[in-house]
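Each residue takes its place number in the sequence, starting with 1.
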Amino acid sequence: MGRRLTVMSLGLGNFSDGYDLLIISGVLGQIAKTLSLNALQVGTLVSSAFIGSVVGALVIGLLSDYLGRKTLFLLSGLLFIVGSVISVLPSYFLLLLGRVIVGLAIGGEIPTSATLIAELMGFSRARVMSLNFTSWAIGGISALLISIPLSSVAIGQYCCQEPSHLYSS
């Protein structure tokens, strides 16, 4: 990959990470209602990507030392796509599985992208690193902006109710 393409790929990876980790908060009420989730299922669903990211950082981060950072960065991207596709299937188990796989990808992408920047960018690495991790925040803000209209569609159903009414017993 050329330098510019590398930087853009790394930034897109971080954007996707920030977006995916935060979009769940904007659509959680609708997911819980649609799939009739209880509080334990909701908590497990929200934490699944974070748990997956811890495992992904350890496993993919370690493997990248042996198999190459670019290879494992690309593998993380592939895992992200696979997990995202699985997540759209209408099943709690598949949504949970997809979120764990996406978490693995996020956990693998963060250390490999930071290390690739440190290794490949030379004197400009501080600027590139700042831009790269700023893209995480932009992804998170994008998730917020996208979730506002999604949650306002169902706001009448949830307005002025206790949070416990969002989940089935």
- Taking all non-hydrogen atoms of both residues into account, name the closest pair between Val46 and Arg99 and its distance. O-NH2, 4.4 Å

- Would you name the heavy atoms of Ala49 and Leu21 that are closest together and state the gap between them? CB-CD2, 3.8 Å

- Query: Which distance, rounded to the nearest 0.5 Å, do you find between the CG of Leu96 and the OG of Ser87?
  - Reply: 9.0 Å

- In this structure, CG of Leu10 is separated from CZ of Phe133 (nearest 0.5 Å) by 9.0 Å

- Task: Work out which heavy atom in Asn14 is nearest to a heavy atom in Ser113; give both atom names and the distance.
- Result: ND2-OG, 3.9 Å

- Item | Spacing of Gln30 atom CD and Leu35 atom CG [to the nearest 0.5 Å] | 10.0 Å

- Please name the pair of heavy atoms, one in Ser84 and one in Val102, separated by the smallest distance, quoted to 0.1 Å. N-CG2, 3.6 Å

- Separation between CG of Leu95 and CD1 of Ile31, rounded to the nearest 0.5 Å: 5.5 Å

- Message: Do Tyr19 and Leu131 sit in one hydrophobic cluster, given that two such residues count as connected whenever their side-chain heavy atoms are within less than 4.5 Å of each other, even indirectly?
- Response: no

- Query: What about Ile51 and Leu37, same hydrophobic cluster or not, with Ile/Leu/Val/Met/Phe/Trp/Tyr joined at side-chain heavy-atom distances under 4.5 Å?
  - Reply: no

- Task: Could you tell me whether the side chain of Leu97 reaches within less than 4.5 Å of the side chain of Ile101, counting heavy atoms only?
- Result: yes

- Query: Linking I/L/V/M/F/W/Y whenever their side-chain heavy atoms sit closer than 4.5 Å, directly or via other members, would Leu67 and Phe73 fall into one cluster?
  - Reply: no

- Measuring from Glu109:CD to Ser9:OG, what's the distance to the nearest 0.5 Å? 10.5 Å

- Given the rule that I, L, V, M, F, W and Y join up when any side-chain heavy atoms are under 4.5 Å apart, are Leu75 and Val55 in one cluster? yes

- Query: Considering only heavy atoms from C-beta outward, does the side chain of Pro111 approach that of Ile60 to under 4.5 Å?
  - Reply: no

- Query: Is there a donor-acceptor contact under 3.5 Å from the side chain of Thr115 to the main chain of Thr112?
  - Reply: no

- Message: Donor-acceptor pair, distance only, cut-off 3.5 Å: does the side chain of Ser135 make one with the backbone of Asn132?
- Response: yes

- Query: Any link between Ile117 and Ile106 through a network of hydrophobic side chains (Ile, Leu, Val, Met, Phe, Trp, Tyr) touching at under 4.5 Å?
  - Reply: yes

- Is any side-chain heavy atom of Leu22 less than 4.5 Å from a side-chain heavy atom of Trp136? yes

- For Val88 and Val85, which heavy atoms make the closest approach, and how far apart are they? CG2-O, 3.0 Å

- Query: Measuring from Ile23:CD1 to Asp20:CG, what's the distance to the nearest 0.5 Å?
  - Reply: 8.5 Å

- Do you know which two heavy atoms are closest between Ala114 and Met129, and how far apart they sit? O-CE, 3.5 Å

